[in-house]
Amino acid sequence: MFDTLSDRLAATFKSLRGKGRLSEADIDATAREIRIALLEADVALPVVRAFIKQVKERATGEEVSKALNPAQQVVKIVNDELVGILGGETRRLRFAKTAPTVIMLAGLQGAGKTTLAGKLGLWLKSQGHSPLLVACDLQRPNAVNQLSVVAERAGVAVYAPQPGNGVGDPVQVAKDSIEYAKSKVHDIVVVDTAGRLGIDAEMMQQAADIRDAVNPDETLFVVDAMIGQDAVNTAEAFRDGVGFDGVVLSKLDGDARGGAALSIAHVTGKQIMFASNGEKLDDFDAFHPDRMASRILDMGDMLTLIEKAEQTFSQAEAEKMAAKLAKGPKEFTLDDFLAQMEQVRKMGSISKLLGMLPGMGQIKDQINNLDERDVDRTAAIIKSMTPVERQDPTIINGSRRARIAKGSGVDVSAVKNLVERFFEARKMMSRMAQGGGMPGMPGIPGMGGGAGKKKKQQKQAKGKRQSGNPMKRKAEEQAAAARREQGAGNPLGLPPGQDAKNFELPDEFKKFMG
């Protein structure tokens, strides 16, 4: 969604690289480009003005003028201010002291409240809670049925005593759901309310009546991130008419400019708490302003990537696989490769995972064009092999390749390419597991690897020749002994007579030490 904004900001910062000092004209030009980028991304004008004012004030101060790399310092300032307009720190859910905690969803029709109720229910379930979804949207056709289907897919309970389609009292349903949740021991109640195509008094009154009936601990305003500037106007109307505690952004994976989403937290004073970025129920997570700012500036989102990996991969399996690789490349089989590939697939879309890596914005077209079905084709090829072939792929000859290709519905060349790629990947993974690092890079100290270099150094040391002159050899030995004696009390290698306690750096180095 923020591709346009990211591209413009990246082009702006690129013009600053290599400059040892930024003039006032450079800062003005940068601020102007950032202003254009934000306006083109549909960020609200008051937010743009406040943002540019803060950036210019900080960029013209000592923060940049005394920096070793002014261009990087400007990027840091922009990052900090982006985090600010996105809400600052991550906002967590408030839970009631006495269960159940009541969460009410409000917003326009079409914003995705019902689907989001299922996503929130699944997310809460993964956090160890027992949520109950309540169908209080009794106006929209099939809204009750939709919530029931979504709840079943998410594996959470639903309370839907009324058929909907214009039949039933949503306020009474909401009130009764609290007692039902207590009787069935549900610790969280998620109330899905009705919406309209636009703001009207009837919708506001119904939402206010449900709010008064259940006294929610959290009222979340669900907004479609693709509707542009109207998202801010709608948010202000709900804030004044019903009131809400936090914002949930839906359809964040759309291709709209998305700048309005950046404006909501700043304009309403309410933080964005969750974001939905796909059609699947697990395409939903807590909103972290600092991580979103990093994504916009193409600095990646490694923390979210690590969290997804921790949720998918077990520690025991990871240690088992590392031990297997450390024994040697032949220990890693195609069965292991398939298991690892399926684990990565559980983390979500490959394109989205790659998008969380720093610098991936430069090749986003290639990432967006990735065919997710390639993983399924690879799995089909491996599953078409016999157990013996998976354990020892070296036995796969021409006739075996033809049989595997026929069984998996691919060309023979695809089978050949897979086996060759597997051998290369196995070799690299084994090298990294043994501490050898990436090809062409030295091993990491303490992690094995680099043994050849160490042996070479020992060999060179062993081969050092001594003088054949007895007097000269004795003088060399005495000098070496003196150096060892001096080094024993001087591990830092300081000049003679210089104590480490009163050692001072030269003046030209002090400025680098803060």
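- Considering only heavy atoms from C-beta on, T90 stays 4.5 Å or farther from M273 through its side chain.
- Under a 4.0 Å N-O distance rule, the pair D335/R390 qualifies as a salt bridge.
- In this structure, H266 has its ring center no closer than 6.0 Å to that of F51.
- Note on K119 versus D282: no salt bridge recorded, every NZ/NE/NH1/NH2 to OD/OE distance being 4.0 Å or above.
- Side-chain N/O atoms of R140 and T114 include a donor and acceptor closer than 3.5 Å.
- Aromatic ring pairs are classed by plane angle as parallel below 30°, tilted from 30° to 60° and perpendicular above 60°; the pair F274 and F284 is parallel.
- In the model, N145 has no side-chain atom that pairs as donor or acceptor with a side-chain atom of S148 under 3.5 Å.
- Partners of Q172 under the side chain to side chain donor-acceptor pair (under 3.5 Å) rule, at least two apart in sequence or in another chain, are D176.
- Aromatic ring centres of F238 and F221 lie closer together than 6.0 Å.
- Residue pairs meeting the side-chain hydrogen bond (donor to acceptor under 3.5 Å, both in side chains) criterion with at least one member in residues 96-105: none, sequence neighbours excluded.
- Under the 4.0 Å criterion applied to side-chain N and carboxylate O atoms, R403 and E389 are assigned as salt-bridge partners.
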Indicate every side-chain donor-acceptor pair of residues 408-425 with a distance under 3.5 Å to a residue at least two apart or in another chain.
from : atom 1 : to   : atom 2 : distance (Å)
S408 : OG     : I404 : O      : 2.8
N417 : ND2    : S413 : O      : 3.2

